[in-house]
Structures are given as structure tokens and as C-alpha cells.
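One structure below.
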Amino acid sequence: MEQTSNNSLNHIAIIMDGNGRWAKNKGLNRTAGHEEGAKVVREITTYCAKIGIKYLTLYAFSTENWARPKLEIEYLMKLLDKYLKNELKTLMENSIRFKAIGDLSKFSKALQKTIKDVEEKTADNKNLTQVLALNYGSKDEIIRAIKKLTEKNLEINEKNFEACLDTAEIGNVDLLIRTSGEIRLSNYLLWQNAYAEMFFTSTLWPDFNSKELENIIEEFYNRQRRFGGV
Ligand code: FPP
């Protein structure tokens, strides 16, 4: 892809929305939408690795998603566990590192172990880092960061605060995408999106693909990022 500006693109964050509507439109159970959505996660992750993106952060389960029906939550937990176990091979083949952000303590011990195993096994991979936001909420992350700052008795400044966020080594978002036509951040990376270029597409997540991502990236390079300057 031709880069036509000085915009650097290291970190893409995506709010993967619309699985339920995709399934409903097809007369299927909502869970079928999540299953299809997981396939798109694989396609988009390998594509980002191929084009040299450094970080891809995907909103997979929010602190607010616990309000969903119990059966749907159980299904999402199982899908996540299955996805991580199945994905290890693809992650290793493409030298993709896996990392989770969010408060993982609310998950079952078994799921926490799967997450930790995949993080450890992929820790030395050098290509893209795929970050899954799991039981993640930006407000929760900010409160946890403030607690860490206070515990460590650190001076309150931007650098120390960022070092206490879950995204300490990941940094700010360059490009934020939300699928399904909703135009809001839904408690996602509020601090890190301060200067992100934002793209909202009506495509439902299970219909999203690398071609559409390529078009969005092309538009990203055509935007002028001034970061408050002129
Ligand atoms: C939003 O669609 C999607 C989620 C809350 C979960 C995201 C999960 C996946 C993409 C699949 C599993 C992911 C991994 C990493 C295995 P929605 O259910 O809110 O859709 P709706 O707004 O149309 O109801």
C-alpha cells in the first residue's frame, strides 16, 4: 500500500460490533454471529501482521458485557478459550505476539490459564502484537492506574500515568475503527484515543474484511494529523 503522508500507523484499535445483528438478519442465533466474528478476528490479525502493523487492539469483552444473558456470556467465554487454543499455531507461524488487557481476575481460573499460556508461548514473537481487550473498560483501567500510581507513590504526570495503564507498552491509538454503524467509543481506550483518527463503517463485524481495512488505511494516510498544531 502506498503511503502518501507522514502519518505513521503503528496501532490500530477496533470495536468489533454487529455480531448479533448479523446473525438476526440471517435468522440465526446471536452465538452464530460471534462464531463468524471470531473468523474475522483471524483474517484481520494475519492481514495486520502481513502489512507491518505493530499493535492491533480488539475489543472482545467489555466490563459492561456481563449484563448480557448468562448463556451468551458462557458461550463467549468458551469461544474465547477455543479461539486462543486453536490460534496458537497461526500466531507462531506468523510470529504474532498475544497480549490481553483488562481485569482478567473476573474470568474463570481455566480461562485465565489459557490466556497466560498463549501470552507466554508467544512472548518472543517479533511481528504484530495482537491485543485482546477482555473484561476491559477504560474507566476501570483508569481507576486501576490511579491506584497503582498511589501505591507506588509516584508523581502524578502523563508519563507515570501512562506507565500504569494496561497499555503501558502499547501506547496511543493511531487509527480507531468501529463497525456496525454505531458512532460512539463505549468506554474503549478513552485516554489512548485522544488523537486517534476515527473511522465508523456500517459493515457488521462478521462482514468486515481485509479489503475494507485496506481502504480505511488508505484514507488514514490521506488525513492530516496535526495533534493540536497547525
Ligand atoms: C459485539 O457484537 C461483539 C462483542 C460484544 C464481542 C466480540 C466478540 C467477537 C468478535 C467474537 C469472539 C472474539 C474472539 C477474539 C474469539 P454484538 O453482540 O454487540 O452485536 P449487536 O450489537 O449486533 O447485538
Side-chain angles (χ1 to χ4, degrees), residues 12-49 53 55-91 94 96-104 106-108 110-119 122 128-138 140 166 176-189 200-210 212-213:
I12 298 179
I14 307 184
I15 301 175
M16 310 180 287
D17 198 6
N19 294 349
R21 277 163 283 170
W22 180 91
K24 192 167 174 239
N25 292 344
K26 294 195 153 28
L28 301 168
N29 200 302
R30 290 178 57 82
T31 53
H34 296 314
E35 177 102 36
E36 200 61 25
K39 292 182 196 159
V40 181
V41 170
R42 175 182 298 138
E43 179 187 338
I44 295 303
T45 301
T46 44
Y47 177 73
C48 284
I53 303 296
Y55 296 98
L56 171 67
T57 306
L58 302 168
Y59 209 0
F61 195 86
S62 78
T63 45
E64 287 74 32
N65 284 154
W66 297 106
R68 293 188 174 217
K70 193 165 167 270
L71 276 180
E72 184 173 342
I73 295 173
E74 277 171 12
Y75 179 86
L76 279 168
M77 297 298 135
K78 277 200 198 115
L79 181 62
L80 192 60
D81 196 73
K82 188 174 90 174
Y83 168 84
L84 287 171
K85 285 174 177 156
N86 286 346
E87 228 38 31
L88 189 58
K89 189 166 172 281
T90 311
L91 297 176
N94 294 280
I96 297 169
R97 194 163 69 105
F98 167 75
K99 187 177 160 49
I101 58 168
D103 178 3
L104 306 182
K106 300 283 186 298
F107 294 124
S108 71
L111 182 54
Q112 288 184 46
K113 185 176 179 309
T114 305
I115 292 168
K116 197 159 173 269
D117 277 355
V118 181
E119 280 184 337
T122 62
L128 172 81
T129 298
Q130 181 203 49
V131 184
L132 288 189
L134 298 170
N135 188 31
Y136 176 87
S138 202
D140 177 67
D166 294 353
L176 174 91
I177 300 167
R178 181 171 189 147
T179 58
S180 93
E182 310 291 346
I183 304 180
R184 57 176 171 268
L185 282 177
S186 298
N187 202 12
Y188 193 44
L189 302 169
F200 298 92
T201 167
S202 58
T203 305
L204 302 174
W205 177 252
D207 290 328
F208 194 73
N209 58 31
S210 48
E212 184 164 1
L213 178 56

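All ligand and atom numbering here is 1-based and tracks the order in the structure.
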Of all the heavy-atom pairs spanning [X] and [Y], show the shortest one and how long it is.
| X | Y | answer |
| --- | --- | --- |
| Q130 | L91 | OE1-CD2, 4.3 Å |
| I44 | S210 | CD1-N, 3.7 Å |
| Y83 | A38 | CE1-O, 4.0 Å |
| T57 | Y188 | O-OH, 2.9 Å |

- Do K39 and E43 sit within salt-bridge range, that is, some charged N less than 4.0 Å from a carboxylate O? no
- Between R21 and E182, does at least one N-O distance fall below 4.0 Å, as a salt bridge requires? yes
Side-chain donor-acceptor pair present, D81, T114, cut-off under 3.5 Å: yes
Where does [X] meet ligand 1, judged by heavy-atom distances below 4.0 Å: at the side chain, the backbone, both, or neither?
| X | result |
| --- | --- |
| R30 | side chain |
| N65 | side chain |
| R42 | neither |
| W205 | side chain |

N/O separation below 3.5 Å, [X] to ligand 1:
| X | value |
| --- | --- |
| A38 | no |
| R68 | yes |
| N19 | yes |
| Y83 | no |

Give the residue, atom name and distance (to 0.1 Å) of the protein heavy atom nearest [atom].
| atom | result |
| --- | --- |
| atom 3 (C) of ligand 1 | M16 O, 3.1 Å |
| atom 13 (C) of ligand 1 | V41 CG2, 4.2 Å |
| atom 7 (C) of ligand 1 | A60 O, 3.6 Å |
| atom 15 (C) of ligand 1 | L132 CD1, 3.8 Å |

Under 4.0 Å to a heavy atom of [X] - the qualifying atoms of ligand 1, by number:
| X | result |
| --- | --- |
| L79 | 12 (C) |
| H34 | 11 (C), 18 (O) |
| R21 | 21 (P), 22 (O), 23 (O) |
| G20 | 17 (P), 18 (O), 20 (O), 21 (P), 23 (O), 24 (O) |

> Hey, are the side chains of L104 and L134 touching, using non-hydrogen atoms and a 4.5 Å cut-off?
Replying inline: yes
Per ring pair (Phe, Tyr, Trp, His ring centres under 6.0 Å), F61 is matched among W66, Y75, Y136 by W66
- Does S180 come within less than 4.0 Å of ligand 1, judged by its heavy atoms? no
Under a 3.5 Å distance rule, please check whether E87 uses its side chain to pair with a backbone N or O of R42 as donor and acceptor. no
Query raised in the report: Judged by atom type as modelled, is there a donor-acceptor pair below 3.5 Å linking the side chain of D103 to the main-chain atoms of N135?
Result: no
